[in-house]
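This report concerns only the one structure given below.
Letters A, B, ... mirror the listed sequences (proteins, then strands); counts begin at 1. The shown structure was predicted, so the numbers you read here are calculated from the model rather than taken from an experiment.
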Amino acid sequence: MSATRKEIQFALRRPLLDYLDAQPMTIAAAWEGKRFPREAGVQYVADQLVPSGASLVGHARIVGRTTLDGLYLIQWYGLPNTGLELGDTADEVVALYQAGTSFVTSEGNAVQIKREPAPWSGQVRPVDGASVVTITVPYQCVTLVPAAA
Amino acid sequence: MSSASERNDAHNRRTVVQLGAMMHDHFVGCVDEAFRSVDEGSEITGAAGQPVGQYGPGYHPGKVGGYLKASWQKVFVSRDSAIIGTNTDYAESIEDGLSYAHGGTPMTLRSTEGGFHSVKTTVAGMGKIRDVVAERVKREHGEGGAR
């Protein structure tokens, strides 16, 4: 069976959760689909999975592979007026997702971080009461497809 | 009657000219497909394209958007470079799905077509665009290209 989006998202979220656990300050998580009223003085992290296509390699009547492509997006709301700090954080988060690294999902499928293009972080944008940066992690999930009956 | 060496030289010249034409067609095709992916959406990259269409209930119901979509431009600045861009101020908000004018709050998609993240999805899918366009160019120039 092809990997589910939840399975892929949880596998990609795991290194981020470990990173958040290791931080000395509280960072609130605002995971996809849930509204989050921001509090002053608290950093927030949100993530999204943006699936962008699937392709079957091989014939459906023999064992083939399905590749699922997409983007894992992390949006980090840092504290306002903290200079370059959020940029440093973005670099550290990008480093969690080295190009070519694979993460195993709960169902045993492999999610690989793409090399071309490798993960990148965008500009740090100052907004009312915060600074925001988006980190983009392109991934590919390859699953074996059993032969059709 | 030409010698074998002269025929080889002529063949090599034709090959170089045809390869140059194929590379140019490939570049132009990639730019066209990338622009389509960002603006219209693409089955190659999976990008949704720019939001457009009738707004739903509660937000200018029945009004049709399209300003941002129409603002995207594709400009060839030289034989081997092109720019795809827009000067619409809220384009980055639509790209990231965050309203930078309102504290970076997540946006709600209200259009019937298109979506967010089309530029990022296109960038991530450029490898597929290159492959698809290469196959098309090979077909147009004869399978295998220069002979």
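The candidate from B:A101, B:A47, B:G127, B:G103 with the greatest count of non-hydrogen atom pairs under 4.5 Å with chain A is B:G103. Among the candidates B:K128, B:M126, B:K120, the residue making the largest number of heavy-atom pairs closer than 4.5 Å to chain A is B:K120. Between chain B and the options A:S55, A:P51, A:G129, A:S52, heavy-atom pairs under 4.5 Å are most frequent for A:S52.
Looking only at side-chain heavy atoms (C-beta outward), B:R136 and B:H26 stay at 4.5 Å or farther from each other. Looking at heavy atoms from C-beta onward, B:F116 lies in side-chain contact with B:M107 at the 4.5 angstrom threshold. A 4.5 Å side-chain heavy-atom check between B:V16 and B:Q18 finds every atom pair outside the cut-off. For the pair A:Q9/A:K6, no side-chain contact is recorded, criterion being any heavy-atom separation below 4.5 Å from C-beta on. Using a 4.5 Å cut-off on side-chain heavy atoms (C-beta onward), A:F103 and A:I8 make no contact.
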Practice item. Using the side-chain hydrogen bond (donor to acceptor under 3.5 Å, both in side chains) rule, take A:Y19 and A:E92 through it: C-alpha gap first, then chi angles, then the decisive distance, then the call. Key: CA-CA 9 Å; A:Y19 178 79; A:E92 288 173 11; 2.3 Å; yes
Practice item. May I have the step-by-step check of side-chain contact (heavy atoms from CB on, under 4.5 Å) for A:V42 and A:L79, ending in yes or no? Key: CA-CA 7 Å; A:V42 178; A:L79 302 179; 5.8 Å; no
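Annotation for A:E39 and A:Y44: closest pair N-OH, 3.3 Å, computed over non-hydrogen atoms. Taking every heavy atom of both residues into account, A:A11 and A:V111 meet most closely at CB-CG2, 4.5 Å. The two residues B:H141 and B:A21 make their nearest non-hydrogen contact at CE1-CB, 4.1 Å. For the residue pair B:S99 and B:H102, the shortest heavy atom distance occurs at OG-ND1, 2.9 Å. Nearest heavy-atom pair across A:L16 and A:L96 is CA-CD1, 4.2 Å. In terms of heavy-atom proximity, A:Y77 sits nearest to A:V132 at CD2-CG2, 3.6 Å.
When the heavy atoms of residues 117-128 of chain A are compared with those of chain B, the residues falling under 4.5 Å are A:P117, A:W120, A:Q123, A:R125, A:V127, A:D128, listed by number. For residues 84-98 of chain B, the interface with chain A (any heavy-atom pair closer than 4.5 Å) comprises B:E92, B:D96, B:L98, sorted by residue number. Within residues 66-76 of chain A, the residues having any heavy atom closer than 4.5 Å to a heavy atom of chain B are A:D69, A:L71, A:L73, A:Q75, listed by residue number. Proximity to chain A at a heavy-atom threshold of 4.5 Å picks out nothing from residues 27-43 of chain B.
Environment of CD in B:E140: crowded, with over 12 heavy atoms of neighbouring residues, nucleotides or ligands closer than 6.0 Å.
No side-chain donor-acceptor contact under 3.5 Å links B:S81 to the backbone of B:V77. No donor-acceptor pair closer than 3.5 Å links the side chain of A:Q23 to the backbone N or O of A:L20. With B:S111 contributing its side chain and B:E113 its backbone, the two residues share no donor-acceptor pair below 3.5 Å.
Note: the hydrophobic cluster containing A:V142 does not contain A:F10 (ILVMFWY, side chain heavy atoms under 4.5 Å, direct or indirect links).
In this structure, chain A has a heavy atom under 4.5 Å from the backbone of B:T45, while its side chain stays farther away.
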